[in-house]
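Before any comments, here is the structure.
Chain letters run A, B, ... following the sequence lines, proteins first, then strands; residues in each count from 1. No experiment lies behind these values; they were computed from the predicted model shown.
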Amino acid sequence: MSELSTPSNPRVLSSMPLCRAIGLRCERGGRELFSDLSFTLDRGVMLELRGPNGSGKSTLLRALAGLYPDVDGEIDTCDLAYFGHRGGLSPTLTVAENLAWFSGLAGTTADDVPGLLRRVGVPYPNRPLSELSAGQQRRVGLARLMMTGERKPLWLLDEPLTALDSAGEALVGELIDEHLACGGGVVCATHQDLPVVPGLRIELGH
Amino acid sequence: MSNQLSGLDRVFVELGEWLCGFGDGACMSGYGAYVWLSVLVTVVAIAINIWLPIRARRRWLARQRDEHELRAAQASGDRADA
Amino acid sequence: MRHSSGPACRAWAAHRVRPLNALVAQFLRDWRIALRSRHEMTTPLMFFAVVVMLFPLAISPEPEQLAAIAPGVIWVLALLASLLSLEGLFKRDFSDGSLEQMVLSAEPLFLAVVGKLLAHWCAASLPLVIFAPIAALALSLPLEALSTLLASLLLGTPTVACLGAVGAALTVSLGRGGMLLALIVMPLYIPVLIFGTSATSFAVAGLSVAGPLAWLAVLAGLSLTLAPFAVSAAIRMACEE
Amino acid sequence: MGMLKTFWHRLGSPPWMYGIARPWMWGFGVLAAVLIPAGLIWGLFIAPPDYQQSDAFRIIYVHVPTAILAQSCYLMIGIAGFVHLVWRMKLADVVLQEALVIGASLTALALITGSVWGRPMWGTWWEWDARTTSMLILLFLYFGIYALREAIPRPDSRARASALLAVVGLINIPIIKYSVEWWRTLHQPSTFSMVEQPKMPAEMYLPLLVLVLGFYAFMGAVLLARIRVELLNRESGSSWAQAEARRLLSS
């Protein structure tokens, strides 16, 4: 993990914003979810999306990730990691194999996997994912986020606190703080309050 | 042509002879049945291809007319209530 | 909507490790999954074996008649068996969200797709090629034609895998895409089928097999370079739900 | 260059396309209404009979134009698919959807007239000749795109998926045609096949040319007509479509 920038040596980073959205408008099923939505996410800032179910939080996140093209307006982001409802982990593989696959996709090395897994509280690298509980699988997803944090400065989190116990929520807070300290950015859609004070907040669906 | 004529071929042969009754233009030295069948099929296909957009256009217009009347009825309904 | 990865974070992408890391990682991942869910490798083989058995019963046990149809039967069954294994190629990844992570990978999607195609080829087509001699013996194909049959299968199945992957990626977001996949992909398989069967029947007839095999190699080269782009585009579409 | 760019940009806006398509549609329609009957009469009655097949060969005046049209329709679908994939133009998707139906019907028509022509010539209703076989494969390519479009509910993913399949199909067509012809020469080359037609004398060839042009004009007219109706259907909520509806309802 030596290459990964750790809180001890945050590297000097360009001041370009991580994500810029101009005049976003989205209509789904004939209903307008949001319109004329613009924001700029700079480094070290967290944007929190609030709003009732079906207010377009996940749609906006997927649009930022480039996974939902039906949004008018302009989006300009850098490499990003998307942490959605579907964990993106394959149950037949072991935890270590899943992480090895992700590090390959992100083009980074994953040498200190046991340390990473201990950090997120799932210290069983060789256990198949299907044997882990939903909360543990979410924690492995968090380990994935941490591992690719270097290559993907922008994190898009879709209700990260689901299926996590109180220790898990504290863990999420720590990870977000570290990521922001390293000059990353976070866009988080959530219902519960996060242990991190958001720099920006957007209400949807009112 | 093959001598033991299947049912279909016999139809074509008889059709050919019948067509020859109308002069050599229709007879086409015995092959009239085949030529005129393919021309007929092509003309029918052309006609269908022309007719489809016209029908679609009529259907769209009918739908617009219904919506139009619906809106007009509602408008007059609202006026009546007001 | 205009979506582009801006220059904002060039500073971050400084330390690329090994460019082929994504391809190898994806290959290993899919190869392990294929090994773990062994039934997905054996089902197409069982199908291949059972249907090969049907032909002598249906047509005739005489070796001459069987030898005449053997190349065609083996190749058609190889295509049909590939359809069975294609069904699950993206379905699992689509449902558990791995496909999204592939699309969002920092490394180009093209590399991951090539890795996945190679793994699919090893898991689905190689067993067929290994099993083909037994089917050839069952259909009393002359032994001197066996090597050509294997060569044609080895050269033809990459094209089958690549074109099939395009069809599978297009129909992954549909619930029951099975028949649709066959309808989309079969016309594209025709050149491979023609050159594959004729290579083997040339060998049976003792003619030189260089021509058809060369054509199979051309098709394999073409599809290995072009198909991953089509598959990547199709995967992005599937994820945009 | 500016003019081309504005033309390209305007293609994207349905009302402009709906307006400009009207004169072109009528122009092509009139052209086809003149050329096709003239070509048919010229071909069927005036042109001299073929020395080998006598009058049976006159079916080519109907079969060849539809075969040519079927293939150029697929070419247009491939190009429309490419344009939609690259520039995400809605009009390209409308063109693809409408040309699909016309192309499939023309391919089926070519197969029917081809087999009717086969009967007097080869004595069989269906002959695995190189051209009829590749025409049949083309028909399945059409069905493949049509089935894919029917299977995908969401309009824009349906548009992009069928656009990609159209491009992939277009790239594969030359390979398929070549391999079918190669396969055809492999097995006993048929004594007389449509391909090695003896060079046709002018008075036989000209009516064919007239008919091919007539069929192109016919396809242009029908395609533009269908595009206009489809634009109305897709944009019936928009202001220009409502204005058009009012205009038509009042007249």
- Message: For the interface with chain D, which of L163(C), L193(C), I190(C), I194(C) has the highest count of heavy-atom pairs at distances below 4.5 Å?
- Response: I194(C)

- Under 4.5 Å, counting heavy-atom pairs only, tell me which of I171(D), L164(D), N172(D) racks up the most with chain C. L164(D)

- Kindly check if the number of other-residue, nucleotide or ligand heavy atoms within 6.0 Å of CZ (F82(D)) is above 12? no

- Partners of A70(D) by side-chain contact (heavy atoms from CB on, under 4.5 Å), sequence neighbours excluded? L106(D), T107(D), M135(D), L138(D)

- So how far is it from R158(D) CZ to M237(C) CE, rounded to the nearest 0.5 Å? 14.5 Å

- Item | From L170(C), L188(C), I184(C), residue fulfilling side chain to side chain contact (heavy atoms under 4.5 Å, CB included) relative to V168(D) | L188(C)

- Task: Pick one of side chain, backbone, both or neither for R160(D), based on which atoms fall under 4.5 Å of a heavy atom in chain C.
- Result: both

- Those residues at least two apart in sequence (or on a different chain) that pass ring-ring contact (aromatic ring centres under 6.0 Å, His included) with W183(D) are H187(D)

- Item | Positions in residues 139-150 of chain D that reach chain C, provided some heavy atom is under 4.5 Å away | F140(D), L141(D), F143(D), G144(D), A147(D), L148(D)

- Task: To the nearest 0.5 angstrom, please state how far the OG atom of S179(D) sits from the CZ atom of F195(C).
- Result: 5.0 Å

- Specify the closest pair of heavy atoms between A151(D) and L174(C), including all atoms of both residues, with the distance to one decimal. O-CD2, 3.4 Å

- Which answer fits V167(D), side chain, backbone, both or neither, if we ask what part of it has an atom under 4.5 Å from a heavy atom of chain C? neither

- Item | Atom of R154(D), atom of E240(C) and distance for their closest heavy-atom approach | NH2-O, 3.7 Å

- Is any residue of residues 202-214 of chain C within less than 4.5 Å of chain D by heavy atoms, and which ones? F202(C), P212(C)

- Query: Is there a side-chain contact between W182(D) and S198(C), using heavy atoms and a 4.5 Å cut-off?
  - Reply: yes

- Item | Pairwise distance CD1(I137(D)) to CE(M186(C)) - rounded to 0.5 angstrom | 13.0 Å

